[in-house]
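To start, the structure under review is shown below, and the notes come after it.
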Amino acid sequence: MSILFDNVTARYPNAPQDALRNVSFALPSSSFALLVGHNGAGKSTLVRLMNGMIRPKAGVIAVNGLSTDGIPTSRLAAEVAVTFQNPADQLFAPTVRDEVAFGPRNLRLPGIDDHVSDALALCGLTSVADRHPYDLSLAERKLLTIASAVAMQTPVLAFDEPNAGLSQPERRRLHTIFSTLKARGRMLLVISHDLGQFLSLTDRIIALDGGSLVYDGTPSGVSDAEKILRRTGVRFPFSERVVQLLEK
Amino acid sequence: MIATKLAFVLFCWTAAFALPTAVQVVFMHAAFVLGRFLPLFRPSSAQARRLYVRFLLYAGLLSAVVVILNALFVRNGEVLLDLGIVQFSREGVEFGLRVSVRLVLMSTAVLVFFLSTPLRDLAAFLDSSGAPAVLTSVLLLSLEFLERLPQRIEQIFTAQEARGAPVRAGFAGRFRSLFSILGPLIVSSIVESVERSHALALRGFPAPPEHRIRIRLPLTIPAWSLIAGVVAMVGWKLWESFR
Amino acid sequence: MPTFRERLRLEMSGPAIPLMAFGVAINLTVGQVTSALKIPVYLDSIGTVLVAVLCGPWAAALTGSLANILASSFGSPAMMFFIPVVIAIGLWTAFIARHGWFRSLPLVVVGGALQGIIAALLSAPISAYVFGGTMLSGTDFLVIFFRSLGNDVFWSALYQGLTSDPIDKVVTYIIVFLTVRRLPQRILTRFPGSRSLLNPQ
Amino acid sequence: MIACRSLHVAYGTGQPDVLCGLSFTVPSGSICALLGPTGAGKSTLLHALSGTLGMFHHAAQCSGSVTVNEETFMPVPRRVLFPAVGMLMQEPHLQFSGMAETVEGELKWTLDNLGIIGDAAQKQISVALDRFGCSTLRARTLRSLSGGELHRIAFASVLVARPSVLLLDEPVASLDQNARAQVARLLDSLRGDATILFTDSDPDLAMRLADRIIVLDSGTLRLDGSRKTFLDTVDAFGDILTVTTWPRVRERFAASGLSSLTARRLRRSLGQT
């Protein structure tokens with residue numbers, strides 16, 4: 001199993017209640033899971049638990065069979081690459097290529113140049129490889145943060161709202177990136193409300209509400225669980241909604 | 001009101017250099033008393049009061065250390081106390097006392113001013129008394145960014161550590177990751193400054209001079225008397241040095 | 001030749017005002033980074049240096065002074081006394097940046113070291129005669145060490161400054177240099193101080 | 001009213017044209033949507049119209065002309081056209097001056113730059129706050145406001161200067177469902193008062209609200225027409241716009257085999273979204 005959560009509870013220091021309460025699920029490799037829930041439902045807590053940024057109050061988390069207990073984040077980064085929403089929080093290298101090479105250099109991966117070129121090609125950034133990251137548009141900078149995670153060759157990749165602020169051409173590229181990664185056997189966990197964009201890729205939907213797991217199933221089960229999912233703010237693709245309405 | 005407090009700080013700073021130590025001790029206690037009881041000077045928030053108490057401890061400790069250090073290391077002059085291996089000289093003690101009293105008087109005056117004057121009121125005072133728009137806008141924007149940057153730094157740490165930055169490794173690793181943390185902070189500040197200059201210009205900032213109609217605030221009597229005191233002290237000091 | 005007022009107005013226009021405010025905020029919060037990374041440097045003039053390189057001398061002097069004033073309002077009034085030092089940092093950095101020293105790493109390192117010496121020369125009398133040689137901070141041990149060798153308070157404070165300030169300033173200069181040198185033209189040209197950065201190495 | 005005549009813009013000599021000879025007119029009081037993918041030149045056009053391009057980008061190479069409120073600039077305005085033109089930035093932290101702590105302080109800051117102070121300012125602030133239904137928030141600090149409230153105050157702080165032209169840079173880009181509905185209501189309430197031009201990469205808001213729709217792709221106009229013409233030809237833009245509406249519904253409707261369909265039910269379902 002690429003990711004295993006076994007009855008995990010987590011609480012931030014001096015927080016009134018648990019951010020996550022006995023959550024259990026397992027996600028296999030070469031799969032794509034969509035993590036949904038309103039702000040504060042515990043989505044980012046779950047992601048931070050995966051790479052050891054936060055330590056659980058109770059329960060066990062295993063990434064690629066390796067328990068995260070006691071392992072520093074910089075070591076877990078070889079198993080789980082996490083990409084956050086705001087590119088400005090991580091871009092600092094003088095060129096796009098150096099930026100993508102930052103992760104692999106920290107992990108001391110062999111054959112860094114190949115990984116970097118492969119990641120740049122996958123994300124369509126080869127033509128701008130030697131430009132400064134801030135020469136790129138915001139959408140391209142988001143793809144750059146994805147490329148720098150891909151280059152780390154980690155079995156598990158987590159993305160926080162990867163398609164926020166992207167327009168149609170970039171969304172299509174994001175779709176090819178994710179389907180290629182999935183085909184390569186990676187496990188992808190994506191936080192997003194946009195079911196429509198990722199529907200064809202999604203194997204599992206995990207819905208959180210108030211820190212507890214309210215739905216863990218395949219997308220086809222979505223229509224009967226609509227009331228639960230609607231509470232978590234999932235934005236159904238327009239055409240799905242109309243079709244469901246017509247079929248009722 | 002704020003003008004009076006500014007005049008008070010100026011008065012104390014001049015006294016710290018112009019007047020003999022004994023007189024300075026009197027003003028020092030005056031500054032403490034004002035800070036405690038006069039509503040104008042009372043700390044403006046619980047947090048400010050805590051800072052005031054913490055400062056008093058710091059000032060006391062610092063004065064003691066200064067006096068002892070100088071007493072120890074100033075060799076010449078009459079020896080007040082001889083503990084065999086360590087001697088305390090009179091001149092050292094006097095120098096220590098003079099320095100620490102001046103330090104505490106000047107610091108207390110500054111602290112009493114700031115702890116009783118919220119910075120946004122200070123900015124409003126500067127603005128209404130015709131200070132250049134650059135000064136007040138940079139001060140106000142600094143307060144805004146001071147609130148936002150600590151959280152930004154947290155996010156940058158999280159993002160870079162998630163990419164394997166050795167922030168908790170040995171000294172070499174931590175030193176190397178210093179740039180991977182400060183880099184995004186500085187670059188994003190530069191880029192945001194450019195974006196903000198657009199946003200501010202689109203809402204008419206900086207306003208043309210004719211739009212900055214300002215009324216001059218009349219200085220109150222206490223402010224005038226303090227300034228008169230400053231002039232008197234400077235005059236006395238100059239007269240004394242020429243004699 | 002533009003008058004002093006015009007040069008001042010140009011130096012503090014457009015993106016300079018937000019950058020100065022960022023400079024002040026970075027000066028006061030960079031300690032959070034160096035303490036989290038447990039690295040014994042203050043880097044508390046990094047904002048001043050950044051503004052000096054991108055905007056100009058007086059913008060940098062204002063950034064440094066305002067940072068010290070805000071620091072004293074947050075409970076360490078001692079910072080008020082070091083305003084002359086931060087003004088010197090701003091003026092010196094802008095001076096060498098204007099002469100293209102921020103275009104190559106060796107010049108930046110030398111500039112940083114010289115800045116450290118200037119800062120030490122200026123802060124020595126202040127810490128000696130205003131603070132009696134001690135600041136109740138890490139650097140006190142150096143002062144006590146030098147005094148035990150028989151130096152008086154001024155020379156001890158100076159020696160302490162000469163050992164710790166240059167390192168702090170060189171690291172500060174290098175970080176600003178690495179961040180600024182390859183910025184895209186469309187961003188750099190928006191800042192008054194960028195002319196000296198733009199001509200090729 | 002906003003108009004361009006064969007407007008060319010490049011970010012420096014020898015650089016490729018970001019805008020390649022645009023000509024269009026947005027009649028006064030109408031709501032116009034400027035649609036197109038990232039890099040189509042949407043924000044460059046907004047910069048050109050608002051005056052920030054001419055004011056800040058000295059190296060930019062422009063030709064043609066821009067007309068704002070009957071005043072024509074060749075090629076682009078050299079300074080910001082405040083207060084005639086107001087612009088709402090996309091990023092939330094740029095929508096506020098950063099120099100005011102309270103709602104009233106933020107609106108007063110805009111008027112202060114206009115030299116309007118005292119009672120005149122207070123009255124104008126009350127009008128603006130009432131207009132967006134947030135007079136009760138007047139004394140509140142900005143930090144204490146919710147996302148929706150902040151958004152309404154951002155609108156109010158631009159419209160307090162009573163601009164006759166309002167430009168909005170991707171106003172609904174990263175908003176959730178009910179925040180998007182609120183923006184639609186706010187824009188709708190301004191119809192007729194100001195000439196409104198907003199950019200978006202998703203046609204959803206434009207199809208519900210815009211009198212005119214302009215589609216921009218790599219700096220050239222692919223459509224400049226009414227909402228109806230856009231709806232009829234929307235299939236043609238599938239490559240550059242996130243088209244989630246008509247064609248996909250028609251295709252799914254055909255696939256699901258349901259024949260009779262009451263128009264009212266479908267319109268209600270469209271209206272709901």
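Naming convention: chains lettered A, B, ... in sequence-line order (proteins, then strands); numbering from 1 in each chain. Keep in mind that the numbers below use all heavy atoms, side chains included, and drop hydrogens, waters and symmetry copies. Values in this document were obtained by computation on a predicted structure and should not be read as measured data.
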Spacing of [X] atom [atom1] and [Y] atom [atom2] [to the nearest 0.5 Å]:
X        : Y        : atom1 : atom2 : answer
A:Phe92  : B:Ile186 : CZ    : CD1   : 12.0 Å
A:Phe102 : B:Ser180 : CZ    : OG    : 4.0 Å
A:Asp89  : B:Ile153 : CG    : CD1   : 11.0 Å
A:Tyr134 : B:Ile190 : OH    : CD1   : 9.5 Å

I'd like to check [X] versus [Y] (side-chain heavy atoms, cut-off strictly below 4.5 Å). Are they in contact?
X        : Y        : answer
A:Gln90  : B:Ile156 : no
B:Arg163 : A:Glu99  : yes
B:Pro166 : A:Asn106 : yes

**OP:** Give a yes or no on this: more than 12 heavy atoms of other residues, nucleotides or ligands lie within 6.0 Å of atom CG of B:Asp121.
**Re:**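 Yes.
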Subject >> A:Phe25 atom CZ, neighbour heavy-atom count above 12 within 6.0 Å >> reply: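 Result for CZ/A:Phe25: enclosed.
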Original post:
Side chain, backbone, both or neither: which part of A:Arg105 has a heavy atom under 4.5 Å from chain B?
Top reply: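 A:Arg105 has no heavy atom closer than 4.5 Å to chain B.
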**OP:** Work out which heavy atom in B:Gly164 is nearest to a heavy atom in A:Ser74; give both atom names and the distance.
**Re:** O-CB, 4.0 Å
Original post:
Considering only heavy atoms, which portion of B:Phe179 lies under 4.5 Å from any heavy atom of chain A: side chain, backbone, both, or neither?
Top reply: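 Both backbone and side chain.
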Subject >> Residue among B:Gly183, B:Ser177, B:Ala162, B:Ser188 with most heavy-atom pairs under 4.5 Å to chain A >> reply: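 Among the listed options, the one with the most contacts to chain A is B:Ala162.
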